[in-house]
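Quick caveat: nothing in here was measured; it's all calculated off a predicted structure. The analysis underlying the following values was restricted to heavy atoms, covering all of them including side chains, and did not include hydrogens, waters or symmetry mates.
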Amino acid sequence: MSGWRDVLCGTLTADDVGRRLTLAGWADTRRDHGGLVFVDLRDHTGKVQLVVNPEHAPDAAATAHEIRNEFVLQAEGEVVRRAPEAVNPNLPTGEVEVQVETLRILSRSTPLPFQLDEEGVDEQLRLRYRWLDMRTPRMQRNLRVGHTAVAAIRRTMDELGFVDVWTPSMTRGTPEGARDFLVPVRLQPGRFFALAQSPQLFKQLCMVGGLDRYYQIATCWRDEDLRADRQFEFRQLDLEMAFVDRDDVLDVLEAAVVAATASAGRTPPPRPFPRLSFAEAMRRYGSDKPDLRFALEIEDATELTRDSSFGVFANAPVVRYLAAPRAFSRAELARLEEIAKEWGAKGLAYLVHDSSGELRSPIAKFLSDEELAAFRSEPGTTLVFAADTEETVTRVLGGLRTHLGRELELADPDADAFHWVLDFPLFEHDEDSGGWTFMHHPFTAAVPGEEDRIESDPGHVLGQHYDLIWNGWELGSGSIRIHQAEVQQAIFRVMGMSDEEQRDKFGFLLDALAMGAPPHGGFAMGLDRFLALLVGEPDIRQVIAFPKVSSGSDPLTGAPTPYPDAALKDLGIRLLPET
Ligand code: ASP
C-alpha cells in the first residue's frame, strides 16, 4: 500500500489472523474497559477494532488515553481472532481485532461541532464543517456512487464514439432562460464575460466543425433562486450529435442512464422509456414533468356539465377533476382549497364518497342524476373539481395532483418511472414583452413540415424538443437544432430581434450555420439531479461536495465576500450605495 499503512481498515477478515500489520485512519470511538482501551479505527472502507493492553504495550496504552474522536492514528499490531462472545456480526471486520503494539497520533482534533453519528444535524453546520460531514457514511456513499455513475456514463459515451471536448466557461451570454453571472475583465474595464449557462452554442459549433459526436461533463452557471434541485453552478452530461433524428438522441441518453443506474447497483429501467407528448402530459397530469409512479389522472367532465344546473360548471370553458383515493375531512378540504387557490383557482368544488359510500358535498344538490351517476366512485374517494379556462384548470389540477401524490404517499417509493415528454410548442407568450419567446432555447428546430408557419402562426408550431423525467423531476432537455441560417433568423425575428441585434448577438452562429452546418441535435442531463435521485437524496446539495445554501452563499468559505474598492477600481466598477 504505502509507508503509512499496509491495509485498509474495513477489509480485515479472519483470513488475516496472525498477520502483523500497520493501519492508519480516524478514531471513530474510544472505550476504556478495565485497563484495556478499545479504539474503532475508521477509513473510507469501514472500521476495525484496535485493542491496547497496558501490560503488553505500556507506551501505546499511554498514547491511547490521549485519543479523542477524530484523531488521526497509526497503529501497528497483530490481527487476532475475537473471543466468540466478542464477535460483532454487524461489522464486516467483526470477527477480528488488532492487538496494538505501537500507536502514534498523527494528527489531533479540536472538540467537534457535531458528532459524526448524530442524527438531524443542522445543514448549515454540516456545510460549514463539510470535511467532517464528508466522513459520514452518507456523504461517502453519495460522493462515491456519484463517481461510479459518472464513470459509467463516460465509458458509455466513449464506447458510442463521443469526443470529450472542453468548452469555455467565460463566454457571451447564452440564452437558457436564466440570468447570467458576469465576470468583469481588468484588461477591458466596463466589459464582461458571462459564465456559460450551458455549452449550447459551442457544442453546435463542434458539429459544424465536423466532430460528429461531442460530449462533456460540463459545469453550467445560472443566476436563479436556489431550490432542492437548483444550485448556481451544476454539472450536466452535455452532448451533441450530427446527422441524427430525435430517436437517435433519445437512444444515447437511455443507454447512458441505464449504464449509470446499473453501476449504482439499481435495477435499470426497461428501454425504451415511455413517451408522452407535451399536450398529453398537460391534459392527463397537468404538468410537463409528471411523476408517473402513480396514476391519479385528470378526468374531463366538460361535455357532461354543459347544461348543468350548477352554474360554476355550466359557465366554465373547461371542467375537470381528480378522484383522490381518500374521503377528506372538512379541514383537509379547506387546506386543499387553499392550495388550489395558490395555483389560481377561485374555489374548490368537491364530492366526497365516504367510507360507507355516503355522498358529502355542498354542490350535490345542484347536480343531475346523470352527473351524479358519472361521478359515482368507490367509497373512500374525493372528487376535486376545477372549472375555468383550460390553462387554469390544468395548472390547478396539476398542482393538486403533485400535492396529493405526496400527501397520500401514492408513489411506491421503490418504483422508478423514467419517461420522455415530446413535442413541446416552439414558442410561448412572453408576459414581459407581450410577444413570443422560446419555450426551450431559440436554437430548437420546428417539427418537420411546420417551418413555414414559424412566422405566420408561431403559437401553433411544435418544436423538436424533448425532456427526460424521472419520478417527477426534470432530468434534462434537448432538441433537434436549426441548421439553416435563414430558419434561425426567422426564429429570432419572431422573438422580436432586429437584423442588427441578431448580427450583434449571434453573428458567429449565423456565419457558422451559413458555412455547411450538418443537421444535428443534442441533449443535456442535469447530473446532480440524476445522482440525487440515484442515491435517494431529497435535494442536490447532498451529492455536491461543496454546495451553496438557499441564500446563495457558501457557509464553508463565507463566499461571496466584498472586495476592496481598489480591486473594483481596476475593473472599472463602482458600487451603488446599499438601498
Ligand atoms: N443547452 C440545453 C440546456 O442546458 C440542453 C440542450 O438543448 O442540449 O438545457
Under a 4.0 Å threshold between the charged nitrogen and the carboxylate oxygen, would Arg126 count as salt-bridged to Asp133?
yes
Do side-chain atoms of Asp554 reach the backbone of Leu556 as a donor and acceptor pair under 3.5 angstrom?
yes
Leu195 and Val183, any side-chain heavy atoms less than 4.5 Å apart:
yes
Any pair counted as side chain to side chain donor-acceptor pair (under 3.5 Å), so long as it reaches residues 292-301, sequence neighbours left out
Arg284-Glu297, Tyr285-Glu297, Asp291-Arg293, Asp300-Thr302, Asp300-Arg320
So, Arg395 and Asp388, do they make that salt bridge, N to O below 4.0 Å?
no
For residues Ala256 and Ile153, report the shortest heavy-atom separation together with the two atoms involved.
O-CG1, 4.0 Å
Correct closest heavy-atom pair for Trp436 and Gly459 would be CH2-CA, 3.3 Å
When rounded to the nearest 0.5 angstrom, what is the spacing between CG in Leu422 and CZ in Arg246?
4.5 Å
Check Leu383 against Ala323 and note the closest heavy-atom contact, atom names and distance.
CD1-CB, 3.8 Å
Is any side-chain heavy atom of Ile339 closer than 4.5 Å to a side-chain heavy atom of Leu400?
yes
When rounded to the nearest 0.5 Å, the distance separating CG of Leu533 from CZ of Arg529 is 9.5 Å
Charged N-O contact under 4.0 Å between Asp467 and Lys289:
no
Please verify the inter-ring angle class for Trp470 with Phe530; under 30° counts as parallel, over 60° as perpendicular, anything in between as tilted.
tilted
How about Leu408 and Pro325: do any of their side-chain heavy atoms sit closer than 4.5 Å?
yes
What distance separates Arg401 CZ from Leu404 CG, expressed to the nearest 0.5 Å?
9.5 Å
Note: Asp229 and Ile540 closest approach over all heavy atoms is C-CD1, 3.6 Å
Taking Arg283 for its side chain and Ile298 for its backbone only, find out whether a donor-acceptor pair lies under 3.5 Å.
yes
Spacing of His419 atom NE2 and Leu276 atom CG [to the nearest 0.5 Å]
6.5 Å
Can the ring centres of Phe313 and Phe385 be said to be less than 6.0 Å apart?
yes
From the options His520, Gln204, Glu240, select the one residue that forms a side-chain hydrogen bond (donor to acceptor under 3.5 Å, both in side chains) with Arg481.
Glu240
How many angstroms lie between CG in Leu351 and OG1 in Thr382, if you round to the nearest 0.5 Å?
9.0 Å
Of all pairs that satisfy salt bridge (Lys or Arg N to Asp or Glu O under 4.0 Å), the ones with a partner from residues 249-277, not counting sequence neighbours:
Asp247-Arg275, Asp251-Arg271, Glu254-Arg271, Arg266-Asp416
With heavy-atom distances below 4.5 Å as the criterion, would you say the side chains of Leu468 and Val257 are in contact?
yes
Pairwise side-chain contact, Glu378 with His353, heavy-atom cut-off 4.5 Å (strictly under):
no
Is any side-chain heavy atom of Asp528 closer than 4.5 Å to a side-chain heavy atom of Pro547?
no
Report yes or no: do Glu123 and Gln542 form a side-chain donor-acceptor pair below 3.5 Å?
yes
Does atom CH2 of Trp473 have more than 12 heavy-atom neighbours, drawn from other residues, nucleotides or ligands, at distances under 6.0 Å?
yes
May I ask you to establish whether Arg172 and Phe506 are in a cation-pi arrangement, using a distance under 6.0 Å from NZ or CZ to the six-membered ring centre and at most 45° from the ring axis?
no
Give, for atom OG of Ser550 and atom CZ of Arg230, the distance between the pair rounded to the nearest 0.5 Å.
13.5 Å
Closest approach of Ser477 to His440 (non-hydrogen atoms, all atoms of both residues):
CB-CE1, 3.1 Å
Verdict with supporting geometry, Ser169 and Trp221, side chain to side chain contact (heavy atoms under 4.5 Å, CB included)
CA-CA 9 Å; Ser169 314; Trp221 291 265; 3.5 Å; yes
I'd like to know if the side chain of Glu451 reaches the main chain of Gly449, judged simply by a donor and an acceptor atom lying under 3.5 Å from each other, with no hydrogens or angles considered.
yes
Is Asp457 atom CG crowded by more than 12 heavy atoms from other residues, nucleotides or ligands, each under 6.0 Å away?
yes
Verdict with reasoning, Arg213 to Val163, per side chain to side chain contact (heavy atoms under 4.5 Å, CB included):
CA-CA 6 Å; Arg213 289 185 163 203; Val163 184; 5.6 Å; no
Is it the case that Gln216 and Thr167 place a side-chain donor and acceptor less than 3.5 Å from each other?
yes
Considering all heavy atoms, the nearest Leu397-Leu322 contact:
O-CD1, 3.6 Å
For Phe181, the option from Phe192, Phe193, Phe232 that meets ring-ring contact (aromatic ring centres under 6.0 Å, His included)
Phe232
Please list every donor-acceptor pair under 3.5 Å in which a side-chain atom of residues 486-496 meets a protein atom from a residue at least two apart or in another chain.
unit_1	atom_1	unit_2	atom_2	d
Gln488	NE2	Pro442	O	2.9
Arg493	NE	Glu455	OE2	2.9
Arg493	NH2	Glu455	OE1	3.2

Within the side chain of Gln231, is there an N or O that forms a donor-acceptor pair under 3.5 Å with the backbone of Lys548?
yes
With heavy-atom distances below 4.5 Å as the criterion, would you say the side chains of Thr394 and Glu390 are in contact?
yes
Test item: Arg222 side-chain N/O and Gln197 main-chain N/O as donor-acceptor pair under 3.5 Å
yes
Under the rule for side-chain hydrogen bond (donor to acceptor under 3.5 Å, both in side chains), what residues qualify as partners of Tyr215, not counting sequence neighbours?
Arg154
If you look only at distance, which donor and acceptor atoms sit under 3.5 Å apart when one is on a side chain in residues 509-518 and the other is two or more places apart or in another chain?
unit_1	atom_1	unit_2	atom_2	d
Asp511	OD1	Arg503	NH1	3.3
Asp511	OD1	Arg503	NH2	3.0
Asp511	OD2	Arg503	NH2	3.3

Does the side chain of Tyr214 come within less than 4.5 Å of Phe202's, by heavy atoms?
no
Report, as yes or no, whether the 6.0 Å neighbourhood of atom CD on Gln140 holds more than 12 heavy atoms from other residues, nucleotides or ligands.
yes
Contacts of Ser553 meeting side-chain hydrogen bond (donor to acceptor under 3.5 Å, both in side chains) (sequence neighbours excluded), chain-then-number -> Ser551
